[in-house]
Amino acid sequence: MTVREVVEALSLRVVAGQSGLEQQITGGYASDLLSCVMAGAKTGNLWVTMQGHPNVVAVASLLDLAAVVVTEGSPIEPISLQRAEEKGIPLLTTEQGTFCTVAKLAQVGIHETR
Amino acid sequence: MKGLRLLAVDLHVHTVASACAEVEMIPPLIVRRARELGLSLIGVTDHHSVENARALQHAAHPFGIEVLPGMEVQTREEVHVLCFFDDLELAKSWQDMIWTHLPEAQNPEPHFGPQYVVDAEGEYLRTNTRLLQTSTKLHFEQVLHLTDQWGGLALPAHVDRPRYSLFATLGMVPEGVDLLGAEISIHITEEEARARFPGLRNLGLVQSGDAHRLEEMINTTRLRVPELTLQELRRALRREDGREVLLVSP
């Protein structure tokens, strides 16, 4: 499944990194502790978080993640948007919470990769 | 210039103004413990409060112990940052500003614990009923920037801990952030911290007790400085002109 397909399936808003929408998603990971993401997320994963800090983009780029979903309408810092745009990492937003978002991702076939 | 002296400090001590601190964290007992440990300076760093800083200064003064007014700020991302100020009045204005960035909510006292304001003898003055132990709306860089603007010193707190720390929460030092130093906990040595977190590189490190109980206060951080001021702490972190911070074994 591509990032674009997930955007459509969950009605997510693309706020940066349009150029990365065709990337294939290998699985999902959810955490707001970036240290855990660095240790646990896998290449090509879709990351679900409430953090909007620029380090989110740094970590997504470091791990070559497919995209990041920022939940609960959590604010994203302008510099994060700018860096995500530069690196082509899609930043996707939703008003829904992490729990609901992950449940829907599971429904469309995205699971945690171990 | 006065001669350099090697002085023991604990820059991260909570009082009963912190909901999570034990009731024993009152000025006379904190000072007694500081004397036992041979501390020359205590940093008083309650969660979003400087309300007990003056009382602690008054209690410490007769014993020649300095009290640096500070605050433990929780950023939007849930990173704890120690913010220090030379001057108590400035620290109070800082508190007023910080409170505008906290949610208007009541402290759930039965669950979190009470936030007591006390005098130098530790006698009860009042209870702060506002929720202080929560995140401000300020992000990490904003807290650093504001502290700098206010003439203070910001140090990311207990960076080695798995919660509420720069490295646990944000993974790394954000790009473009220029830190003067950082605090490590008693759970790690300086060598281990520098090896585990490349972001610390050659930053000045202090080690503090993050004391919520008297026995948690420590004396492993030594400042080689001519006098105990915020400016001298900065210079020690930068290792300027013979000044330095030394971490010794407990």
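Scope of the values below: all heavy atoms of this structure, side chains included, with no hydrogens, waters or symmetry mates. Chain letters run A, B, ... following the sequence lines, proteins first, then strands; residues in each count from 1.
- Of all residues spanning residues 153-162 of chain B, those with a heavy atom less than 4.5 Å away from chain A's heavy atoms are P162(B), arranged by number.
- Residues E175(B) and I79(A) form no side-chain contact, since every pair of their non-hydrogen atoms from C-beta on lies 4.5 Å or further apart.
- Shown here for L170(B) and N55(A), the closest heavy-atom pair between the two residues is O-ND2, 2.8 Å.
- Heavy atoms closer than 4.5 Å to chain A are found nowhere in E78(B), neither backbone nor side chain.
- Here the straight-line distance linking atom CE of M38(A) with atom CZ of F167(B) works out to 9.5 Å at 0.5 Å rounding.
- Scanning residues 87-107 of chain B against chain A with a 4.5 Å non-hydrogen threshold yields no residues.
- Around NE2 of H145(B), the count of heavy atoms belonging to other residues, nucleotides or ligands within 6.0 Å does not exceed 12.
- Contacts with chain B (heavy atom to heavy atom, under 4.5 Å) involve these residues of residues 83-109 of chain A, listed by number: R83(A).
- Applying the side-chain hydrogen bond (donor to acceptor under 3.5 Å, both in side chains) rule to pairs touching residues 22-44 of chain A yields R4(A)-E22(A), T26(A)-N45(A), D32(A)-T49(A), sequence neighbours excluded.
- Using a 4.5 Å heavy-atom cutoff, the side chains of H53(A) and R76(B) are not in contact.
- From L34(A), atom CG reaches atom CD of E77(B) across 9.5 Å, with rounding to the nearest 0.5 Å.
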